Amino acid sequence: MRVAVVGGGPGGLYAAVLLKRLDPARQITVWERNAPEDTFGFGVVLSDETLGGIEHADPEVYRALQAEFVRWDDIDIVHRGRTLTSGGHGFAALSRRRLLAVLHRRCRDLGVELRFRSEAPPAAELARTHDLVIAADGVHSATRTARAEVFGPQLTTHRCRYIWLAADFALDAFRFEIAETEHGVAQLHAYPYSRPTPAGPGRSPAGAERSPGASTVIVEMREEVWRAAGLDRCDERESAQWCAKVFSDALGGRSLRANNSSWIAFRTVVNDRWSHGNTVLLGDAAHTAHFSIGSGTKLAVEDALALAACLQEQPDTASALAAYEEERRPVVASTQRAARASLAWFEELATYLDQPPHQFAFNLLTRSRRVTHDNLRLRDPGFVTAVEREAGIEATTPPMFTPFRLGGLTLRNRVVVSPMDMYSAADGEGTPGDFHLVHLGARALGGAGLVMTEMVCVSPEGRITPGCTGLYAPGHETAWRRVTDFVHTSAPGTAIGVQLGHSGRKGSTRLMWEGIDEPLPEGNWPVVAASPLPYRPGVNQLPHALTGPELATVREQFVASAESAARAGFDLLELHCAHGYLLSGFLSPLTNRRTDAYGGDLTARLRFPLEVFDAVRAVWPAERPMTVRISATDWADGGTTADDAVAIAEAFARHGADAIDVSTGQVVPDERPDFGRSYQTPFADRIRNTLGVPVIAVGALSSWDDVNSLVLAGRADLCALARPHLYDPHWTLHAAADQGYTGPGAPWPLPYRAGSRTPPTGRTDAPKPRLTLR
């Protein structure tokens with residue numbers, strides 16, 4: 001087998017090492033356009049997991065790297081003159097130059113041909129003369145660009161500028177430091193990668209040659225701060241001097257060293273495909289992840305390990321490349337989600353600066369959602385205790401079981417049963433029945449602080465399906481009163497809220513399990529919307545664009561339903577302005593094409609939803625809170641953006657919303673959500689910490705650890721969970737039991753108290769042997 005490797009970075013070199021080691025008969029050539037000693041950047045961080053993979057695959061490389069590693073456990077966070085330290089994190093780093101030297105030597109020992117200062121022929125040409133072409137040619141991959149129509153790259157440039165520098169001394173911890181300059185906020189990410197060299201034996205200390213070690217120093221800031229500081233006009237030397245001056249305390253007054261250093265805007269690379277024919281992308285050519293989670297070299301090395309293994313295991317190259325992508329893509333996607341969360345956190349760093357010191361540090365440490373409250377407690381219990389103490393949380397109380405006041409309503413904990421459409425109004429007229437009593441009653445007994453109904457429709461034509469409930473007929477109010485009375489009587493301390501909405505252009509469809517968003521086979525009713533745009537052209541109805549008088553009618557329908565909801569005994573009302581339903585359709589530029597006063601810029605698109613909100617707020621009891629659910633992004637080009645979401649939330653808060661329930665998407669069918677654990681929470685976080693408005697976070701929250709982390713970090717005030725409450729109606733009580741909590745934030749109903757401990761699963765206390773015969 002003839003193998004061509006384009007790019008002599010760690011990923012390409014390590015792939016060459018592994019492939020040659022597995023089969024010495026392979027003819028492997030690596031092309032690298034730079035000299036062997038040339039490298040950009042300074043230190044490289046690798047995880048214990050990655051090192052374990054290297055140790056198993058090539059112990060010789062592992063031993064050589066192990067001799068070079070600098071290891072440390074602590075992270076120092078410096079903000080406004082105060083340093084807080086968290087331990088137990090376990091990092092390992094070494095010089096990038098030394099890493100490359102180890103791999104160069106190993107390649108030569110194995111017989112890999114290294115061609116330095118040599119541009120590789122185009123990948124298409126190499127593919128004709130080689131059995132395998134590994135494109136490890138970096139973030140600006142020429143291979144990927146040349147066949148963009150095949151690989152399908154999506155390149156996203158982000159909002160910060162950063163520069164890689166080095167300090168000629170070894171820090172004793174990973175250090176984050178925040179500088180508030182006259183131009184804006186700058187942040188430093190720094191870590192040691194070379195340990196100090198002690199004085200030689202037999203030499204006097206005065207005459208001994210000694211290296212103080214070295215540290216990578218990355219300085220990052222928003223683009224507008226970078227320009228305001230004039231750094232866009234500075235050369236490499238001037239930039240290093242500016243950074244050394246701003247972070248003089250961290251550096252002890254020392255200077256910073258550059259190495260072809262320039263200010264870069266980070267670019268996230270995602271590809272639809274990683275291989276074509278016998279050519280495969282590896283490392284940054286295939287994917288990138290922000291440096292703030294230290295993953296670039298890690299991912300490239302792990303790619304090389306997986307590629308080599310798949311080539312060994314599969315019968316042919318095509319199968320191997322398919323298996324490689326199948327194995328690596330989920331891992332990379334997970335890492336990229338964490339990296340984007342970390343990247344976004346630093347982009348919005350200025351919004352967190354006024355947090356209390358320990359909360360700020362906890363927020364920073366948990367920013368990627370990979371380190372959590374429970375995980376950090378294992379690493380450094382003293383640090384987490386200090387964060388909780390600063391927040392006024394009792395030592396035995398998990399953050400999720402602290403109370404929260406929303407308007408005139410005090411919730412006993414931070415858990416919300418999210419609104420979930422049940423499509424189970426059995427009479428076809430919108431009346432809730434026994435199913436709703438049992439469904440909502442069970443979840444109220446399950447311990448959540450707030451239980452929300454599904455979207456309750458304000459008119460027959462405002463239903464999504466014939467199975468949706470309403471609050472527009474006399475019998476509806478009585479039926480809902482039966483539910484609220486049960487909750488208040490049988491689950492005292494649990495609040496119950498109603499979500500009011502109108503389906504808009506997404507109405508007159510089948511029950512979810514019969515075909516979600518599919519039109520009814522018969523009995524359809526006309527649908528209305530902001531503009532005459534069907535949800536799916538050729539499938540769903542063409543909606544009627546509401547006229548001025550019709551808008552007034554819809555507004556009064558919301559008012560009448562709100563009055564009925566108040567009489568029915570609901571504790572909270574939420575206005576549904578999300579997910580592409582009627583009010584959401586006015587907010588999104590993708591669904592609102594009106595040319596009157598209710599269409600155009602965001603202010604105009606907000607007009608009708610705000611009119612409805614004001615009218616409902618006027619009749620809803622003042623002491624009862626009112627919230628609004630929004631879609632913070634449409635996940636589609638030209639749609640609502642995160643910046644728009646902040647403006648929308650601000651408008652509703654200004655009109656009296658007590659909290660914003662921050663969801664995303666479901667506005668247009670061709671959306672491309674960035675699914676993943678807690679994937680919607682950054683939008684809630686941004687609204688909360690930009691505006692100071694209480695928020696409810698939703699979106700793939702699945703564990704009590706997620707809730708504790710979000711609440712303690714100050715990213716959310718309440719957390720709404722849907723599927724976990726379908727899986728387990730007593731999710732909150734079980735979360736309390738799992739954490740050994742028995743306080744007022746999660747009291748077990750008296751009839752259930754005997755079940756408040758986990759049932760035994762079998763005998764584990766068998767007597768141990770008393771005697772061993774030899």
Side-chain angles (χ1 to χ4, degrees), residues 430 455-466 468 470 472 500-510 516-520 523-561 575-616 628-631 633-641 644-645 647-648 651-652 655 665-671:
M455 184 178 90
V456 175
C457 305
V458 298
S459 65
E461 62 276 8
R463 292 174 297 161
I464 308 167
T465 75
C468 290
Y472 51 81
L500 292 184
H502 187 297
S503 60
R505 69 177 188 158
K506 296 176 76 175
S508 190
T509 59
R510 305 182 191 191
I516 190 168
D517 296 325
E518 292 289 334
L520 293 168
N524 286 282
W525 56 86
V527 296
V528 298
S531 298
L533 302 169
Y535 181 63
R536 288 176 301 173
V539 177
N540 297 101
Q541 285 187 55
L542 179 70
H544 165 67
L546 290 165
T547 64
E550 290 168 336
L551 291 173
T553 298
V554 170
R555 184 174 63 244
E556 291 309 310
Q557 289 171 341
F558 273 94
V559 168
S561 292
L575 190 65
H576 200 342
C577 297
H579 300 169
Y581 297 123
L582 181 65
L583 298 182
S584 171
F586 276 85
L587 292 173
S588 172
L590 296 177
T591 51
N592 184 342
R593 305 290 176 80
R594 299 175 74 100
T595 58
D596 62 3
Y598 295 101
D601 62 15
L602 182 57
T603 300
R605 299 198 306 274
L606 267 162
R607 183 169 282 114
F608 183 61
L610 287 174
E611 286 180 0
V612 173
F613 179 91
D614 290 343
V616 170
V628 179
R629 174 168 276 206
I630 66 170
S631 284
T633 176
D634 292 342
W635 299 114
D637 293 340
T640 298
T641 66
D644 294 335
I648 291 168
F652 280 115
H655 281 244
Q666 301 181 51
V667 175
V668 292
D670 56 345
E671 64 179 4

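What you are looking at is a predicted structure, and each value in this text was computed from that prediction instead of being measured.
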Measure the spacing between NE2 of H576 and OG of S503 and express it to the nearest 0.5 Å.
10.5 Å
Pairwise salt bridge (Lys or Arg N to Asp or Glu O under 4.0 Å) hits with a residue in residues 591-606, at least two apart
R594-D596
Under a 4.0 Å threshold between the charged nitrogen and the carboxylate oxygen, would R536 count as salt-bridged to E518?
yes
On a heavy-atom basis, the closest approach of G665 and S631 is O-OG, 3.0 Å
Side-chain heavy-atom pair F652, C577 within 4.5 angstrom cut-off:
yes
Can you tell me how far OG1 of T595 sits from CG of N592, rounded to the nearest 0.5 angstrom?
10.0 Å
Is the backbone of P519 close enough, under 3.5 Å, to the side chain of Q541 for a donor and an acceptor to pair up by distance?
no
Side-chain touch P466/L520, heavy atoms, less than 4.5 angstrom:
yes
For Y598, give me all partners under side-chain hydrogen bond (donor to acceptor under 3.5 Å, both in side chains), at least two apart in sequence or on another chain.
E611
Which pair of non-hydrogen atoms, one from G638 and one from P589, has the smallest distance, and what is that distance?
O-CG, 3.2 Å
Could you tell me which non-hydrogen atom of L575 sits nearest to which non-hydrogen atom of V612, and how far apart they are?
CD1-CG1, 4.0 Å
Counting only N and O atoms by type, is there a donor-acceptor contact under 3.5 Å from the side chain of N540 to the main-chain atoms of D517?
yes
Walk me through it: do F586 and L551 pass the test side chain to side chain contact (heavy atoms under 4.5 Å, CB included)?
CA-CA 11 Å; F586 276 85; L551 291 173; 3.5 Å; yes
Using only atom types and a distance under 3.5 Å, with no angle test, would you say the side chain of E671 pairs donor to acceptor with the backbone of Q666?
yes
Could you please spell out the steps behind the side chain to side chain contact (heavy atoms under 4.5 Å, CB included) verdict for E550 and V528?
CA-CA 10 Å; E550 290 168 336; V528 298; 6.0 Å; no
Taking T509 for the side chain and T465 for the main chain, is one N or O donor matched with an acceptor at less than 3.5 Å?
no
Using side-chain heavy atoms (C-beta onward) and a distance below 4.5 Å, is E461 in contact with V527?
no
Backbone of T640 reached by a side-chain donor or acceptor of D644 within 3.5 Å:
no
From CG (L606) to NE2 (H655), nearest 0.5 Å
8.0 Å
Between I630 and V628, is any pair of side-chain heavy atoms under 4.5 Å apart?
yes
If only atom types and distance count, is the side chain of S561 paired as donor or acceptor with the main-chain N or O of Y472 below 3.5 Å?
no
Atom of A604, atom of G599 and distance for their closest heavy-atom approach:
CB-O, 3.3 Å
Quick one: closest heavy-atom pair of G462 and C457, and the distance?
O-SG, 3.4 Å
Taking only residues at least two apart or on different chains, which pairs with a member in residues 579-588 satisfy side chain to side chain donor-acceptor pair (under 3.5 Å)?
H579-S663, S588-D634
Determine whether Y535 and T591 make a side-chain contact, defined as any pair of heavy atoms from C-beta on separated by less than 4.5 Å.
no
Between S508 and N524 the two heavy atoms that sit nearest each other are OG-OD1, 2.8 Å
Any side-chain heavy atom of V554 within less than 4.5 Å of one from L582?
yes
Taking the side chain as everything from C-beta on, heavy atoms only, tell me whether V667 gets closer than 4.5 Å to W635.
no
H502 side chain near L583 side chain, heavy-atom distance below 4.5 Å:
no
